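For reference, the structure is listed below as structure tokens.
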Protein chains: 2
Amino acid sequence: MAVTLRDVAHALGVSHTTVSNAYNRPAKLSEQLRRRILDTAAEMGYQGPDPLAAGLVRRQAGALGVLFDEDLAHALTDPAALLFLQGVARAGQASALGLTLLPAPRTTEDLAARSALVDGFLVYSVAAGNPGFLAALRRDIPLVVVDEPAPPNGDDWMFLGVDDRGGAELAARHLLELGHRRIGVLVDRLTPGDRQGPADPERLAATTYQVARERLTGYLAPLPEHPWIWECGGGTPEHAVPATRALLASGVTGVLAMTDELARGVLRTAATMGVAVPRDLSVIGFDDIPEASRTDPPLTTVRQPLADKGVLAVEVLTGARSAGVRLPTHLVTRATTAPAPR
Amino acid sequence: MAVTLRDVAHALGVSHTTVSNAYNRPAKLSEQLRRRILDTAAEMGYQGPDPLAAGLVRRQAGALGVLFDEDLAHALTDPAALLFLQGVARAGQASALGLTLLPAPRTTEDLAARSALVDGFLVYSVAAGNPGFLAALRRDIPLVVVDEPAPPNGDDWMFLGVDDRGGAELAARHLLELGHRRIGVLVDRLTPGDRQGPADPERLAATTYQVARERLTGYLAPLPEHPWIWECGGGTPEHAVPATRALLASGVTGVLAMTDELARGVLRTAATMGVAVPRDLSVIGFDDIPEASRTDPPLTTVRQPLADKGVLAVEVLTGARSAGVRLPTHLVTRATTAPAPR
DNA sequence: TCCGGCTAGTTTACCGGTAAACTCGATGTT
DNA sequence: AACATCGAGTTTACCGGTAAACTAGCCGGA
């Protein structure tokens, strides 16, 4: 496009401001002139004010950026992230905002967050110290972190999370009350990377994902003895397969899965191994994603308000609500938990 | 932020271009001066070049817009759309592009597509004549339509789709070969809106969704007699429930579901009604979403390369590949089809 | 010695708009 | 008759950068 506002103005012998007004402030000129302007603009192939230029002077982009940990395609397969995103989309659509999805890669290379044309950032569960996150933080636009990382000094950035620790504790207590003593814990990841295997105390101490740390703390709190803890190296159901085999081999009767996706993997693996849930094995997930109520048997899990979190995050970002909140979690007892065998 | 490039330049007694170069073209100045500039910039609280301003002069936004039909939250629950989006994300990430999700509402009100800060549009299965789509089309940036709407004159816009008709025909033939004669077809929607119920010839003729029309045409081609056709008013499994009841009441032995999501709904409904699949009822879906291989029993369906479509769409958009392609579809025979009963 | 070619910057010209303040004639008001 | 008000535009001043062309000093080679 070569034809600009001024070209149109010239062609009609009016000031360029008037042409601008024809688009943005119809009230400021006669309907008649406005028609003339719009018509000749169409004739000349003028497509309306350039959004970039308008954005520059208005100092706004009309979109909000959502930063996901590492890979974008990953986030798009995670039901929890998706549900959050739906909430964001609903709230954003109400404010006529676009949604710009951005990856926050571990490498310093990329600069997506530095140069993204957005009015604010929603950071969804990104590893502490992630370069993309840091870049976003430096931008002079509002930023709300959801779930992770929690601000070290309480007010380094706006934060919205859930009561991970409390929810985890509920889950552990539930197993305990059912008489389970040999308990296994499944974590997706303790640190960025795909490390998998049993997690010894040293490894646990190295945990950088704060949500993992919180849930772990909650799990451990009521347990009389240390459970088996297994790091899966990823969050899909498939990642839970080797861990489940290992845990079952250790004679575990109850599994605390840190996410519902992992719990689904446990369920599937148990089924293929001929282990009956909940008779031989109890399983509790975390998140209460939609699929959780449709697993076979339906999954007992800790519910957190995922979609609401998305809506609230946008409200915090736009200043309609104050930050620093931790939303409540609670146990949803379905059919994957039963008294311990024997 | 009030501190600009020029402020920093002033403070150091260098030209503003030099400061700009410090950020964008390190080779154009001495490493020593560059350090000085970056340091005082940090001191002064300058956060680096404003992306909006840079975008204006460079004439690029660094993001590509993905336009979805009507509601964004809807698209985020549709497995097929999501899989497409994953492909897009993968390809976009490779080119360091952000992904801006945009709704294309039916009302003329909204202007998301008109003012979105993007370098190109991917239009995913949007209703023909949708105002948001039209707005995007008018923008002077590349645009690729995926699936819908197909360009009326062949070159009104770049297009990428799949062989919907051919795939549908394969599905119908398969049922036929298995001896089915009483066949039902489930459509999500024939036109925008949530109208549901049996579709008579008149209603069929009014179909505006071209993918629906194509698949329908493919279904009908080999069938000796007209099947029962039911419009579900939406694409979720739940939307298929009333339709399934109605079809079963009509004594149908085979169902052609226009999407896997609908097919899942058929499967669930059949299960709750005590109808055995595939013994009493055969079901064929369309798309081959990941869930399709995990339904009970695993779904026979028509496969289309959803994720590849996303990747290819980006390639077409960036000019790396030519448009106008229809990707192949083929039948994946799993366990929801069997010879007709009796 | 003179010239061409680097290096390291500077000058100048945009990019395509928006907003606030101002002008000017017509209207209405007391 | 004098004056505030309003509608309909215009003037002027940015928004915050980038890029191309130009300059000045310096070095090496013929």
Side-chain angles (χ1 to χ4, degrees), chain A residues 1-38 40-41 44-62 111 114-119 138-141, chain B residues 1-38 40-41 44-62 111 114-119 138-141:
Chain A
M1 151 158 65
V3 39
T4 87
L5 206 64
R6 285 163 218 261
D7 296 336
V8 177
H10 236 93
L12 280 127
V14 301
S15 85
H16 65 276
T17 299
T18 300
V19 178
S20 173
N21 285 336
Y23 286 93
N24 302 315
R25 288 208 256 287
K28 298 220 82 176
L29 34 59
S30 65
E31 187 48 38
Q32 175 187 340
L33 177 54
R34 174 149 192 270
R35 270 266 68 79
R36 272 212 304 148
I37 292 179
L38 261 31
T40 59
M44 299 177 65
Y46 179 65
Q47 315 294 27
D50 181 325
L52 232 32
L56 171 59
V57 49
R58 289 204 177 110
R59 310 241 43 97
Q60 53 146 338
L111 20 70
R114 173 147 55 233
S115 60
L117 269 25
V118 296
D119 298 318
R138 272 193 295 274
R139 295 275 300 266
D140 262 348
I141 52 181
Chain B
M1 152 156 67
V3 39
T4 86
L5 207 66
R6 286 161 217 262
D7 297 336
V8 178
H10 235 95
L12 279 126
V14 300
S15 84
H16 65 275
T17 298
T18 301
V19 178
S20 173
N21 284 337
Y23 285 93
N24 302 316
R25 287 207 256 287
K28 299 219 82 178
L29 36 56
S30 65
E31 186 50 37
Q32 174 187 343
L33 177 54
R34 174 151 193 266
R35 270 265 69 79
R36 274 214 304 148
I37 291 178
L38 262 30
T40 60
M44 299 178 64
Y46 178 64
Q47 314 294 24
D50 180 324
L52 232 32
L56 171 59
V57 50
R58 289 206 177 108
R59 312 240 42 96
Q60 54 146 338
L111 20 73
R114 172 147 56 231
S115 60
L117 269 25
V118 297
D119 298 318
R138 270 193 296 273
R139 296 273 301 264
D140 262 347
I141 53 181

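Per chain, numbering begins at 1; letters A, B, ... match sequence-line order. The structure presented is a predicted model; accordingly, all values stated were derived computationally and were not measured.
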Given atom [atom1] of [X] and atom [atom2] of [N], what is their separation to the nearest angstrom?
X      : N      : atom1 : atom2 : result
A/L52  : C/dT18 : CG    : P     : 12 Å
A/L117 : D/dG16 : CG    : C1'   : 13 Å
B/D7   : D/dG17 : CG    : C1'   : 13 Å
B/L12  : C/dG9  : CG    : P     : 11 Å
B/D140 : C/dG16 : CG    : C1'   : 14 Å
A/N24  : D/dG9  : CG    : P     : 16 Å
A/Q47  : C/dG16 : CD    : C1'   : 15 Å

Determine whether [X] and [Y] make a side-chain contact, defined as any pair of heavy atoms from C-beta on separated by less than 4.5 Å.
X      : Y     : value
A/Y46  : A/T40 : no
A/R6   : A/H10 : no
A/L29  : A/V14 : no
B/R114 : A/Q47 : no
A/R59  : B/D50 : yes
B/I37  : B/N21 : no

Phosphate OP1/OP2 of [N]: any [X] side-chain N/O under 4.0 Å:
X     : N      : result
A/N21 : C/dT18 : no
B/S15 : C/dG9  : no
A/R25 : D/dA8  : no
A/S30 : D/dA8  : no

Of the non-hydrogen atoms in [X] and [Y], which two are nearest, and what is the gap between them?
X     : Y      : result
A/P51 : B/S115 : CB-O, 3.5 Å
A/L38 : A/A22  : CD1-CB, 4.2 Å
B/A61 : B/L117 : CB-O, 3.2 Å
A/V3  : A/G45  : CG1-O, 3.5 Å

- Taking for each residue the nucleotide of DNA chain D bearing the nearest heavy atom, is the 5' side occupied by B/Y23 or by A/L29?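 Result of the comparison: A/L29.
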- Message: What's B/L5 touching, base or sugar-phosphate or nothing? Going by heavy atoms closer than 4.0 Å.
- Response: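 Here B/L5 touches the bases of the nucleic acid.
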- Query: When we call it a touch if two heavy atoms are under 4.0 Å apart, what does B/L33 touch: a base, just sugar-phosphate, or nothing?
  - Reply: sugar-phosphate
Just the atom pairs and distances: protein N or O near nucleotides 12-15 of chain D's N or O, under 3.5 Å.
unit_1 : atom_1 : unit_2 : atom_2 : d
D/dC15 : O3'    : A/R59  : NH1    : 3.2

Close N or O pairs between protein and nucleotides 22-27 of chain D (under 3.5 Å):
none

- Query: For the helix from C/dT1-D/dA30 to C/dT30-D/dA1, how many degrees between its two end axes (five pairs per end), to the nearest 10°?
  - Reply: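 Helix axis angle between the two ends: 40°.
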- Assess whether side chain to side chain contact (heavy atoms under 4.5 Å, CB included) is satisfied between A/R35 and A/E31, documenting all intermediate values. CA-CA 6 Å; A/R35 270 266 68 79; A/E31 187 48 38; 4.2 Å; yes
- So, B/R139 side chain and B/A116 main chain: donor-acceptor pair closer than 3.5 Å or not? yes
- Message: Checking contacts here: which listed nucleotide (D/dG9, D/dT18, D/dG16) is nearest the side-chain heavy atoms of B/D50?
- Response: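 Nearest to the side-chain atoms of B/D50, counting from C-beta on, is D/dG16.
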